[in-house]
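Encoded as structure tokens, the structure appears first; notes follow it.
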Amino acid sequence: MREPTFWILTALVDQPRHGYGVMQQVTKLSGGEAQLLPATLYAALDRLAVEGLVEIDREEAVGGRLRRYYRLTDEGGAALTAETQRLSRNVQTANRLLNALRPPAGPATATFG
């Protein structure tokens with residue numbers, strides 16, 4: 001799963017959101033690390049809807065414009081769960097390898113010349 005997809009699905013876990021709300025939530029959840037451009041977001045939402053991972057929750061007219069709200073489907077929740085498990089395994093593997101490179105903690109020794 002690509003990172004933008006991960007963040008879009010994550011942003012929809014707790015409630016339906018319109019596009020701008022998804023962009024704001026992605027920025028918030030990622031600590032500013034992920035920021036989606038509107039064109040990227042809406043193309044991804046269209047693709048995710050075709051794949052059955054999100055669906056339109058409702059539409060509202062706001063200021064003469066249609067605001068479309070998206071929500072996570074059961075399939076989207078399952079895909080996000082699978083991805084978080086995969087990422088967790090990756091982190092565990094990397095941590096195990098990094099920890100193997102670190103010298104064991106012990107008494108510090110000083111060399112004076």
Side-chain angles (χ1 to χ4, degrees):
M1 180 180 293
R2 293 178 31 221
E3 188 173 14
T5 299
F6 172 83
W7 285 116
I8 291 167
L9 296 179
T10 302
L12 293 171
V13 166
D14 61 340
Q15 67 183 24
R17 297 182 195 281
H18 54 76
Y20 184 68
V22 170
M23 289 190 301
Q24 289 179 310
Q25 186 71 352
V26 164
T27 300
K28 177 183 173 185
L29 292 173
S30 70
E33 293 289 320
Q35 296 184 3
L36 301 174
L37 298 173
T40 302
L41 172 67
Y42 289 107
L45 286 170
D46 288 343
R47 178 181 51 80
L48 294 170
V50 168
E51 293 173 2
L53 302 180
V54 302
E55 62 188 10
I56 297 170
D57 181 70
R58 66 186 185 278
E59 295 178 330
E60 295 176 354
V62 177
R65 295 185 53 161
L66 194 61
R67 181 178 286 174
R68 183 173 288 163
Y69 286 77
Y70 295 87
R71 69 180 174 90
L72 192 64
T73 63
D74 290 342
E75 292 84 5
L80 183 58
T81 297
E83 181 66 2
T84 58
Q85 291 170 348
R86 184 188 74 78
L87 291 171
S88 180
R89 287 190 304 272
N90 290 353
V91 168
Q92 289 173 2
T93 298
N95 280 332
R96 182 174 35 81
L97 292 171
L98 288 168
N99 289 333
L101 291 176
R102 294 187 183 116
T109 56
T111 305
F112 297 97

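Quick caveat, the model's predicted, so the values are computed rather than measured.
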Side chains of residues 87-97: which donor-acceptor partners sit under 3.5 Å, not counting sequence neighbours?
unit_1, atom_1, unit_2, atom_2, d
Thr93, OG1, Arg89, O, 3.0
Asn95, ND2, Val91, O, 3.4

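- Each of Met23 and Tyr69 belongs to its own hydrophobic cluster when Ile, Leu, Val, Met, Phe, Trp and Tyr are linked at side-chain heavy-atom distances under 4.5 angstrom.
- To the nearest 0.5 Å, the span separating NE2 on His18 from CZ on Arg65 amounts to 11.5 Å.
- Residue pairs meeting the salt bridge (Lys or Arg N to Asp or Glu O under 4.0 Å) criterion with at least one member in residues 73-85, sequence neighbours excluded: Glu83-Arg86.
- The backbone N or O of Gln25 sits nowhere less than 3.5 Å from a side-chain atom of Arg17 that would complete a donor-acceptor pair.
- Considering all non-hydrogen atoms of both residues, Ile8 and Ala44 come closest at CD1-CB, 3.6 Å.
- In this structure, Leu9 and Met1 have side chains that are in contact, with non-hydrogen atoms separated by less than 4.5 Å.
- In this structure, the side chains of Ile56 and Tyr70 come closer than 4.5 Å at one or more pairs of heavy atoms.
- With rounding to the nearest 0.5 Å, the separation of CG in Leu12 from CH2 in Trp7 is 13.0 Å.
- Of the inter-residue distances, the one linking Glu33 atom CD with Thr27 atom OG1 reads 10.5 Å to the nearest 0.5 angstrom.
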Could you list the donor-acceptor pairs under 3.5 angstrom formed by side chains in residues 35-43, with sequence neighbours left out?
none

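- Without hydrogens or angle criteria, Thr73 side chain to Leu53 main chain gives a donor-acceptor distance under 3.5 Å.
- Glu51 has its side chain within reach of Leu48: a pair of non-hydrogen atoms, C-beta onward, lies under 4.5 Å apart.
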